[in-house]
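These numbers come from the heavy atoms of this one structure, side chains and all, not from hydrogens, waters or symmetry mates.
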Number of protein chains: 2
Amino acid sequence: MNNCSQHNLTGMMTKFTSACRKADLKVTHQRLEIYRELAQAEDHPAAEMLYKRISKRLPTISLDTVYRTLATFEKHGLISRVPTLESQARFEAKMARHHHVVCSKCGSISDFIWSGFDETHLPAQVADWGKVTRKNIVLVGICAACAR
Amino acid sequence: MNNCSQHNLTGMMTKFTSACRKADLKVTHQRLEIYRELAQAEDHPAAEMLYKRISKRLPTISLDTVYRTLATFEKHGLISRVPTLESQARFEAKMARHHHVVCSKCGSISDFIWSGFDETHLPAQVADWGKVTRKNIVLVGICAACAR
DNA sequence: CATGCTAAAGATAATTATTATCATATCAAG
DNA sequence: CTTGATATGATAATAATTATCTTTAGCATG
Ligand SMILES: [Mn+2]
Ligand SMILES: [Mn+2]
Ligand SMILES: [Zn+2]
Ligand SMILES: [Zn+2]
């Protein structure tokens with residue numbers, strides 16, 4: 001788990017920049033740093049955590065900017081919010097289809113892929129409900145570290 | 001969707017009462033009302049929403065009691081918290097295995113069952129991560145009502 | 001490469017969601 | 001009915017997120 005090293009960062013940054021241009025979003029220093037930090041994070045950080053990490057390099061950034069920027073990115077489909085059981089929102093820049101395991105003890109979130117599931121058709125009753133845009137699996141359990 | 005009328009309420013209340021006794025939880029008026037309200041709700045209400053509904057019948061109840069009681073119930077496995085993308089926690093008393101569809105427009109949460117999925121084995125990599133206790137699917141999309 | 005328009009950032013404060021503290025009330029055992 | 005432990009309600013605190021408003025800085029244009 002979590003050993004799939006993220007696609008090359010420089011490539012992601014280039015794509016990010018052009019996506020901003022396309023979406024009429026200004027490519028600011030803050031946005032670049034927030035995106036970069038999230039893109040290289042493997043732990044699905046919350047806004048507060050991202051803020052702490054970015055502050056080291058960019059001490060003038062405000063927490064509010066992090067929140068607003070994440071919301072903007074999400075709206076434009078540049079990042080996504082991870083479904084969780086806690087009250088704090090968690091984010092990721094990895095947009096490739098994958099799923100999550102959450103440790104109910106330490107709150108860590110890890111990725112896993114399951115193409116077999118991705119290819120399966122949803123049960124018929126779901127079609128009546130409306131139009132599904134994302135299929136996420138959220139496993140909950142106790143990670144190896146927490147199980148000691 | 002959502003047409004599976006909840007198992008008979010009286011039965012749920014009886015089971016709830018004996019579960020409380022077994023767990024050394026006092027069977028208070030408030031706990032009964034909170035559980036009853038949640039058991040008959042089909043919409044996975046947040047604490048605030050439950051509070052509003054219960055207040056009509058029990059005007060002296062406090063929001064804090066609702067929060068504490070839900071936390072207690074959850075700890076004892078009497079109810080569960082629904083994974084969501086929003087910052088407000090949502091709950092349900094239905095403990096039978098099932099999954100959720102979330103409307104990203106109106107925030108409504110509906111149930112669906114998928115025994116085919118429930119019986120499938122998880123991919124091998126997950127076993128290395130730790131011990132999984134719950135497998136939830138969270139579909140995100142636009143419900144028929146919101147799609148107009 | 002200066003100028004000006006406009007979106008974005010930062011400071012500040014306000015909301016919203018949830019949790020803690022503590023005095024009083026209530027459950028349930030004897 | 002008395003008693004002792006627990007739960008509740010009042011109050012206040014904390015955590016998470018969002019709004020307002022002034023200043024700053026992308027970036028298009030000449
Ligand atoms: Mn992920
Ligand atoms: Mn449900
Ligand atoms: Zn853990
Ligand atoms: Zn809807």
Side-chain angles (χ1 to χ4, degrees), chain A residues 13 16-38 44-55 57-76 78-79 81-91 107, chain B residues 13 16-38 44-55 57-76 78-79 81-91 107:
Chain A
M13 293 311 299
F16 168 75
T17 304
S18 64
C20 282
R21 295 254 148 74
K22 214 170 297 173
D24 270 313
L25 294 178
K26 289 186 179 170
V27 181
T28 67
H29 189 34
Q30 292 80 339
R31 282 177 174 167
L32 283 167
E33 288 308 308
I34 291 168
Y35 186 82
R36 187 199 317 283
E37 191 66 47
L38 187 60
H44 310 85
E48 180 81 37
M49 176 57 79
L50 269 180
Y51 169 67
K52 278 184 196 155
R53 293 177 188 168
I54 297 167
S55 295
R57 272 176 292 137
L58 198 62
T60 59
I61 201 168
S62 78
L63 174 58
D64 186 45
T65 296
V66 176
Y67 271 107
R68 270 182 308 197
T69 303
L70 289 170
T72 305
F73 288 173
E74 192 194 10
K75 185 167 59 185
H76 288 84
L78 300 172
I79 66 171
R81 191 178 290 249
V82 178
T84 161
L85 294 168
E86 285 159 65
S87 58
Q88 210 179 18
R90 309 268 298 248
F91 301 87
Chain B
M13 293 311 296
F16 167 74
T17 305
S18 62
C20 282
R21 294 255 147 75
K22 214 169 297 175
D24 270 312
L25 293 178
K26 288 186 180 173
V27 181
T28 67
H29 189 34
Q30 292 77 342
R31 282 178 175 167
L32 283 166
E33 288 310 307
I34 292 169
Y35 186 82
R36 188 199 317 283
E37 192 66 49
L38 187 60
H44 310 84
E48 180 82 38
M49 177 56 78
L50 268 179
Y51 169 68
K52 277 185 196 152
R53 293 176 188 169
I54 297 168
S55 295
R57 275 175 291 135
L58 196 64
T60 59
I61 201 169
S62 79
L63 174 59
D64 185 46
T65 295
V66 176
Y67 271 107
R68 271 181 306 194
T69 303
L70 290 171
T72 304
F73 289 174
E74 192 194 12
K75 185 166 58 180
H76 288 85
L78 300 171
I79 66 170
R81 192 177 288 249
V82 179
T84 162
L85 294 168
E86 286 159 66
S87 59
Q88 211 178 19
R90 310 266 300 249
F91 300 87

### Query
Going by number, which of residues 22-31 of chain B have a non-hydrogen atom under 4.0 Å from DNA chain D?
B:Leu25, B:Lys26, B:Thr28, B:Gln30, B:Arg31
### Task
Take the angle between the ring planes of A:Phe16 and A:Tyr35 and call it parallel below 30°, perpendicular above 60°, tilted in between.
parallel
I'd like a list of close polar pairs between nucleotides 28-30 of chain D and the protein, N/O only, cut-off under 3.5 Å.
none

### Message
Measure NZ/A:Lys75 against C1'/D:dT18 and give the value in whole Å, please.
### Response
13 Å
### Task
Supply the atom-to-atom distance A:Phe73 CZ to A:Leu38 CG, rounded to the nearest 0.5 angstrom.
8.5 Å
### Query
Could you state the interatomic distance from NZ (B:Lys22) to NE2 (B:His76), rounded to the nearest 0.5 Å?
12.5 Å
### Message
Please check: side-chain N/O of A:Thr65 versus main-chain N/O of A:Ile61, any donor-acceptor pairing under 3.5 Å?
### Response
no
### Query
Where is the tightest heavy-atom contact between B:Arg90 and B:His44, given as atom of each residue plus distance?
NE-O, 2.5 Å
#### Entry: Nucleotide D:dG9, atom C1' - distance to CD1 of B:Ile54 in whole Å
15 Å
### Separation of A:Arg53 CZ from A:Leu58 CG (nearest 0.5 Å)
15.5 Å
### Task
Give, for atom CG of B:Leu50 and atom CZ of B:Arg36, the distance between the pair rounded to the nearest 0.5 Å.
13.0 Å
### Query
Residues two or more places apart in sequence or in another chain: which of them pass side-chain contact (heavy atoms from CB on, under 4.5 Å) with B:Thr28?
B:Lys26, B:Gln30, B:Arg31
### Message
By the 4.0 Å heavy-atom rule, please label B:Thr72 as base, sugar-phosphate, or nothing.
### Response
nothing
## Note on the structure
Separation of D:dT8 atom C1' from B:Leu58 atom CG, nearest Å, is 11 Å
### Query
Taking only N and O in the side chain of A:Thr65, is any of them less than 4.0 Å away from OP1 or OP2 of C:dA8?
no
### Task
Please give the angle, rounded to 10 degrees, between the axes at the start and the end of the helix from C:dC1-D:dG30 to C:dG30-D:dC1, where five pairs define each axis.
40°
### Message
Could you measure the distance from the CZ atom of B:Phe91 to the CG atom of B:Leu78? Nearest 0.5 Å is fine.
### Response
13.0 Å
### Task
Classify every nucleotide of nucleotides 14-21 of chain C by which part a protein heavy atom approaches to under 4.0 Å, writing B for the base, S for the sugar-phosphate alone and - for neither, in 5'-to-3' order.
---SBBBB
### Task
Check the distance between C:dA11's C1' and A:Tyr51's OH and give it to me in whole angstrom.
11 Å
## Note on the structure
Taken to the nearest 0.5 Å, the spacing of B:Leu70 CG from B:Ile79 CD1 works out to 4.5 Å
### Message
Applying side-chain contact (heavy atoms from CB on, under 4.5 Å), can you list everything that pairs with B:Ser87, at least two apart in sequence or on another chain?
### Response
none
### Query
Between B:Thr84 and A:Thr84, is any pair of side-chain heavy atoms under 4.5 Å apart?
no
### Task
Measure across A:Val27 and A:Cys20 and return the closest heavy-atom pair with its distance rounded to 0.1 Å.
CG2-CB, 3.8 Å
